[in-house]
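The sequence lines fix the lettering, A, B, ..., with proteins before strands; numbering per chain opens at 1.
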Amino acid sequence: MTKFADLGLDPKVLAAVDDAGYETPTPIQAGAIPPALIGRDVLGIAQTGTGKTASFTLPMITLLAKGRARARMPRSLVLAPTRELAAQVAENFDIYAKNTRLTKALLIGGVSFKEQDALINKGVDVLIATPGRLLDHFERGKLLLTGVQVMVVDEADRMLDMGFIPDIERIFQLTPFTRQTLFFSATMAPEIERITNTFLSNPEKIEVARAATTSETIEQGVVMFKASRKDRQAKEKRDLLRALIDKEGEACSNAIIFCNRKTEVDIVAKSLNKHGYNAAAIHGDLDQSHRMRTLDGFRDGSIRFLCASDVAARGLDIPNVSHVFNYDVPSHAEDYVHRIGRTGRAGREGKAMMICVPYDEKNFAAIEKLVDKEIPRIESPVEFTAPSKPASKSAKPADEDKKPKSEKAERSSDKPKSSRSRGGRKSGRDRYQNDEPVVGMGDHVPAFLTRSFKSTAA
DNA sequence: AAAAAAT
């Protein structure tokens, strides 16, 4: 079997790999590193969890180890679709370049330009960026891409989904024609094919997994759930989620809970916390530092449940997730594959459970078609019963919460309770509550108008 | 009853 030591990496890189505890490369690493080291273009078709990041960072560091960075002219460039993914590549780079003197800058949105500018000015070997922020720097004239010797495009299919392809094309055109390109995508959509034909030259193609395959080590299941009453669906779904989590008990060491909408992510996280579960939300509306902190907390175990939008479905390196809960059925079938791919990685066991409500059934059918197998149905661990009568005035106390506040307030003021009903001074609120319709000011003149302006001003 | 990314 191939070892990292056989791939021709720089000894300093090899030492760092060894320190990180790796000995045997994954298929994508074994396939991509040797051609990358001799300067060839690489087209890697691989999903997350295959060791993709190291398959370009290791050869890049080796290639850059000779030579020095020049001001405002980075020698290499890595493009990633999301901020988190870019940050993660940067972390990877730190780990494997620790024995070298290579410098890097992370250019992502949501953080200030100032520090990024300072780094670029000093000169960096590696620039890791999201496309928008990179072009922003370029347009401000702070950055020259003519010194780029190696360019990496990570998760190209996701860039396509997010509408980044024009940006990517533009960035390609800003870099020298002679650069080496390492290009990674989970799928080869026609548009991706076109880009690779245009910008890669005679690439070594390495394919390690088909996009629509789900790992054999993931145990999948779905609860076909119909709420006891339509207006109770949201609440019952949250109850059901907790019941599913409880049923897993200790086996659920940590989990990602995927929702389709950002508002839902917030609601579910809040609800879990309210019920004593250690949960946090992550989605694109939260500011960058918050997102980073949450992710760190989830990685180090101080957060057990990560409620996430699809910002976390792909790419993010979150090791050792025991469970994935699809609180909502994803509306794009491929997203299902990406979401559940967060568990059962590197041959480990994982469980992926989904809640499917009647509205989701069409999307669910598309998922079963894509993964080409039947997802086992799970019995709901809880039963919900609808109240016998639809909501009426004589309904149970549970309905009382739903009454508008004003109505409740009125009702409580009916009760002959406090001293004020015994002829004492009425509170300001009650003074205006009589049944007579009020037109204009009627006969009543508010007290403040009878005071002189002088005393009012005082 | 749509997420993400530049401001």
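Every residue meeting the side chain to side chain contact (heavy atoms under 4.5 Å, CB included) condition with Glu193(A), not counting sequence neighbours, appears here in chain and number order: Met188(A), Asn197(A). In this structure Arg140(A) satisfies the salt bridge (charged side-chain N to carboxylate O under 4.0 Å, His left out) test together with Asp117(A), sequence neighbours excluded. Applying the salt bridge (charged side-chain N to carboxylate O under 4.0 Å, His left out) rule to Glu191(A) yields the partners Arg194(A); only residues at least two apart in sequence or on another chain are considered. In this structure Arg238(A) satisfies the side chain to side chain contact (heavy atoms under 4.5 Å, CB included) test together with Ala234(A), Lys235(A), Arg242(A), Ile267(A), Ser271(A), Tyr327(A), sequence neighbours excluded. Not a single ring pair (Phe, Tyr, Trp, His ring centres under 6.0 Å) links Tyr359(A) to another residue, sequence neighbours left out. With sequence neighbours left out, Phe298(A) forms a ring pair (Phe, Tyr, Trp, His ring centres under 6.0 Å) with no residue at all.
Sequence neighbours left out, the pairs with a member in residues 68-81 of chain A that pass side-chain hydrogen bond (donor to acceptor under 3.5 Å, both in side chains) are Arg72(A)-Asn121(A), Arg75(A)-Asp125(A).
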Sequence-aligned protein contact record of nucleotides 2-7 of chain B, with B where the base is within under 4.0 Å of a protein heavy atom and S where only the sugar-phosphate is: BBBBSS
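A heavy atom closer than 4.0 Å to some atom of DNA chain B occurs in Tyr359(A), these being the qualifying members of residues 359-369 of chain A.
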